[in-house]
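Here is the structure we will look at.
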2 protein chains.
Amino acid sequence: MENDRHREDFCEVHQVHEEKVAEVKRIMLPEEKAQALAQIFKTLGDPTRIRIIFALMQGELCVCDLAEITDSSESSVSHHLRLLRTQKLVKYRREGKNLFYSLDDHHVEKLFKEGLKHVYE
Amino acid sequence: MENDRHREDFCEVHQVHEEKVAEVKRIMLPEEKAQALAQIFKTLGDPTRIRIIFALMQGELCVCDLAEITDSSESSVSHHLRLLRTQKLVKYRREGKNLFYSLDDHHVEKLFKEGLKHVYE
DNA sequence: TAAACATTTGAACAATTATTCATATGTTTA
DNA sequence: TAAACATATGAATAATTGTTCAAATGTTTA
């Protein structure tokens, strides 16, 4: 209580480089874009989803295929797919009892491959 | 208990496309690479770290500058920087009392910019 | 050398998240 | 139309994570 050193205190020490700080703040990403950018990375930030996406990069697959490939339960895969769906990263089509999922965002593959360069450097 | 439907059960239903599944499994990312790839994305998957990285893309900055820019406490920024440091995404140099941080991985900027395309499409 | 400063660190806490389990929904087949 | 199948969904749980707070470390200055 009573002390919030981060804004308009009586003394305002800190901030070593006021100009630099002001300039960076001026061109800073708007909050919503920072959130959105973090969100797409967060979505890619899970090993199971990584394997799902890698699998889908080879072509469309249904849920039980993905479960087998990623060695996860179908329920777990389904939850992951829902997340990917709500972010429009995958789409699906029904064929009889099966739902075939496929990638629906060309940026995903580019991000994925760019990330792989980092991993395999 | 007693039922684990995911492997070598008595009946082995599911797996709609055995060939497809086998082929994808054959070329699947090794577990360690999937983990590493997820890790780099997870690291980028936080709005505060996104703003820290964006700021550092403009040049080196010290911790209190970053705190001011991201409107976070210095402690919080420091924790984030530690994470980025342990993953070798940033480096720092000391100048008197200040530690100046800067980016230390050329992939990060490329990933960042590729992600921005997705956000601004 | 004591005080001020810049940053780090660890513990604590709340929030988020991945997985599991049980159940529901929709489709095909016998 | 009942049973089998493929998938989705919600609740529950355990694990992870971001932030805060208090205290420690290392540097400069008075």
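Order of the sequence lines fixes the chain letters, A, B, ..., with proteins taken first and strands second; residue numbering starts at 1 for each chain.
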Tell me the interatomic distance from B/Glu60, atom CD, to C/dT7, atom P, rounded to whole angstroms.
12 Å
So which nucleotide does C/dA30 pair with, by the Watson-Crick or G-U wobble rule with both distances under 3.5 Å?
D/dT1
Tabulated below should be each protein N or O lying under 3.5 Å from an N or O of nucleotides 11-20 of chain D; please produce it.
| residue | atom | partner | partner atom | Å |
| --- | --- | --- | --- | --- |
| D/dG18 | OP1 | B/Arg49 | NH1 | 3.3 |
| D/dG18 | OP1 | B/Arg49 | NH2 | 2.8 |
| D/dT19 | OP1 | B/Thr48 | OG1 | 3.2 |
| D/dT19 | OP2 | B/Ser76 | OG | 3.3 |
| D/dT19 | OP2 | B/His80 | NE2 | 2.2 |
| D/dT20 | OP2 | B/Ser73 | OG | 3.4 |
| D/dT20 | O4 | B/His79 | NE2 | 3.1 |

Set of ring-ring contact (aromatic ring centres under 6.0 Å, His included) partners for A/His106, sequence neighbours left out:
none
Who passes side-chain hydrogen bond (donor to acceptor under 3.5 Å, both in side chains) against A/Asn98, sequence neighbours left out?
none
Which residues in residues 84-92 of chain B have at least one heavy atom lying under 4.0 Å from any atom of DNA chain C?
B/Arg85
By salt bridge (Lys or Arg N to Asp or Glu O under 4.0 Å), A/Lys33 pairs with (sequence neighbours left out) none
Return the set of residues passing side-chain contact (heavy atoms from CB on, under 4.5 Å) with B/Gln87 (not counting sequence neighbours), or none when no residue passes.
B/Gln39, B/Thr43, B/Leu83, B/Leu89
Kindly state each residue pair satisfying ring-ring contact (aromatic ring centres under 6.0 Å, His included) with at least one member in residues 42-96 of chain A, sequence neighbours excluded.
A/Tyr92-A/Tyr101
Let me know the distance between CZ of A/Arg93 and P of D/dT7, rounded to the nearest Å.
12 Å
Listing request: all salt bridge (charged side-chain N to carboxylate O under 4.0 Å, His left out) pairs with a residue in residues 84-93 of chain A, at least two apart in sequence or in separate chains.
A/Glu60-A/Arg93, A/Arg93-A/Glu95
Who are the salt bridge (Lys or Arg N to Asp or Glu O under 4.0 Å) partners of A/Lys97, not counting sequence neighbours?
none
Whole angstrom value for the distance that separates C1' of D/dA6 from CD of A/Glu68
15 Å
Using ring-ring contact (aromatic ring centres under 6.0 Å, His included) as the criterion, list what pairs up with A/Phe100, not counting sequence neighbours.
B/His17
Taking atom P of C/dT8 as reference, at what distance in whole Å does atom CG of B/Leu66 sit?
10 Å
Examine the side chains of A/Ser72 and A/Thr70 and answer whether a donor and an acceptor come within less than 3.5 Å of each other.
yes
Distance (rounded to the nearest 0.5 Å) between A/Ile40 CD1 and B/Glu114 CD
11.0 Å
Tell me the interatomic distance from A/Glu74, atom CD, to C/dC21, atom C1', rounded to whole angstroms.
14 Å
With the threshold set at under 4.0 Å for non-hydrogen atoms, list the residues of residues 94-105 of chain A touching DNA chain D in residue-number order.
A/Lys97, A/Asn98, A/Leu99, A/Tyr101
Under a 3.5 Å limit for both distances, which nucleotide forms a Watson-Crick or G-U wobble pair with C/dT16, could you say?
D/dA15
What is the distance, rounded to the nearest whole Å, between atom CZ of A/Arg82 and atom C1' of C/dT20?
14 Å
In whole Å, I'd like the distance from the CG atom of A/Leu81 to the P atom of C/dA18.
13 Å
Run the side-chain contact (heavy atoms from CB on, under 4.5 Å) test against A/Ala36 and tell me which residues pass, sequence neighbours left out.
B/Val119
